Amino acid sequence: MASYKLKLAAILLTSTAYLYKSITQRTPLYFLSPPPPLPASISSTCTTHFPSILQNCEDFAILPNTTVLFLSCDRSRREWYHAFSAFPPGVDKGEVFMWDYSQPKVAPTLLSRAESLGADFHPLGLSAVPTKGGEGGGVRLFVTNQAKKEARVEVIDVDLKTKSARHKRSLKDAKIFSPNGIVGVDEDSFFITNDGFFSRRWSTALLFEVIFGAPGGQVVHVHIPPSASSASGGKDSVLAYSVAWISLANGLALDRVKQKLYVASSTHGIYTYSIPDMAHAFHAIPESFHRTPFSADNLHLGPTGRLFVSGISSLSAFATSMLAEGKVGPPAWTAELLPAVDKSDRREVALRGLDPANSPLRKEEWVWRSIYMDDGKFFGGVSTGGVVDVQGTFVGVSVVGKGVLVCKKVLERPGVLVKKVEKGEGEEKVKEEL
């Protein structure tokens, strides 16, 4: 009998260990406290711009060393959900805008007027890449289009001097079946994520794929052959290579200096891949993984290579906001990825322990710093956000909100280090506290 109980206990402990490992590799949504209201010291520096024009913006991209933003918006976003092939008839066409946040009173410029885009245009991710020979005035936009008929990637060339745009191509391929995030490598190649293996294919199977965290999402490198990149209006084939499979693949960011690709998994966290040769970027090598304290949505690579992730900390609040617009939006959370901390640096360990973004994580996973949080009553539901310049300006957009948020400040690190002198037996002891 004792032997039987011992075996049963061993089996239960082993099963629990595997279950624990499985669970802790996923986002612990139920253990994260809701963010507090945005402090007045931050909100007083924030402004929401053009809410009547920029509605339900999923993503933004910024041209390096400029203040020019490109925004992917769709005012009918609450009416369709691509993953489950839910596209009601007659929904409004999505939009892509250009806006200079250093000129806040100048209205955004609409870039998606081209008739070749058609009415079936529903943009999600977008990326901006300077073009060769553009003399500083040419930009190529890659935009993922969750069109009802067939998903694809749109290529739009923008002239910054004239603020005009030309739709160059619609790129289709078997490996571009549910594109979500996108990041350009150069003007002829980019990475995309297909968010789920069963996205746009089989709704019931997709639910199980997400619940069990199955690696059905795909990271794909796409290269446009010279014949296709130089042509106009055609639909030549592309060269697409599978790079990785992860669960519920979402946002992307590419650090060209460090030669690293960052991929957000909404069920797990952030995957980092190193790229030994940028000329052959599809040879990406898995490097590291960081679990996020919320369900990761989109990534933004800021100045000096700082990586920011925005995500969902309340699935119920987000779902409610997607169904109908309310006075209060879902909670918003944007955090910065920090290097691993040296355990001997007690001050840094303490500061990270005070940050609510690290509270649901194990101590060795304290790599996050909250830079923007609000309970949904100020802006809420930031789908893409981050610091965009060396002055510390924060920009955020919301797929369930209106306007683009610009703040001059971000949250300061909690806690102030002080030193107390304690008198012991014949000696003084210095104690560090927060």
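From a predicted model like this one, the values you see are computed outputs, not experimental measurements.
Phe197 and Phe177 have perpendicular rings, their planes meeting at more than 60° on a 0 to 90° scale where under 30° would count as parallel. In this structure, Phe282 and His280 have perpendicular ring planes: the angle between them is above 60°, well past the 30° mark. Relative ring orientation between Phe212 and Phe208 is described as parallel, the plane-to-plane angle staying below 30° on a 0-90° scale split at 30° and 60°.
No side-chain heavy atom of Lys408 sits less than 4.5 Å from a side-chain heavy atom of Gln391. Side-chain contact between Glu58 and Pro123 is absent, with no heavy atoms from C-beta onward closer than 4.5 Å. With a 4.5 Å cut-off on side-chain heavy atoms, Val397 and Ser383 count as touching. A heavy-atom distance below 4.5 Å is found between the side chains of Glu348 and Arg413.
Residues that satisfy the side-chain contact (heavy atoms from CB on, under 4.5 Å) test with Phe84, not counting sequence neighbours, are Tyr81, Ser203, Leu206, Leu207. For Phe142, the ring pair (Phe, Tyr, Trp, His ring centres under 6.0 Å) partners are Phe190, not counting sequence neighbours. Partners of Asn145 by side-chain contact (heavy atoms from CB on, under 4.5 Å), not counting sequence neighbours, listed by chain and number: Phe121, His122, Ala147, Arg152, Glu154. Partners of Lys409 by salt bridge (Lys or Arg N to Asp or Glu O under 4.0 Å), not counting sequence neighbours: none found. Evaluation of the ring pair (Phe, Tyr, Trp, His ring centres under 6.0 Å) rule for Phe87 yields Trp80 as partners, not counting sequence neighbours.
Partner Tyr101 forms a side chain to side chain donor-acceptor pair (under 3.5 Å) with one of Asp389, Thr66, Thr393 and no other, that one being Asp389.
Side chains of His82 and Asp195: a donor-acceptor N/O pair is present below 3.5 angstrom, by distance only.
Pairs passing the ring pair (Phe, Tyr, Trp, His ring centres under 6.0 Å) check and including a residue from residues 365-393, sequence neighbours excluded, read Tyr372-Phe394.
Both tests do not hold together for Arg291 against Phe289: distance to the six-membered ring centre under 6.0 Å, angle to the ring axis within 45°.
A 6.0 Å sphere centred on CG of Asp277 holds more than 12 heavy atoms belonging to other residues, nucleotides or ligands. Shown here is Glu364, whose CD atom has more than 12 heavy atoms of other residues, nucleotides or ligands within 6.0 Å.
At a threshold of 4.0 Å, the pair Glu95-Arg75 counts as salt-bridged, since one of the basic side-chain nitrogens sits closer than that to a carboxylate oxygen.
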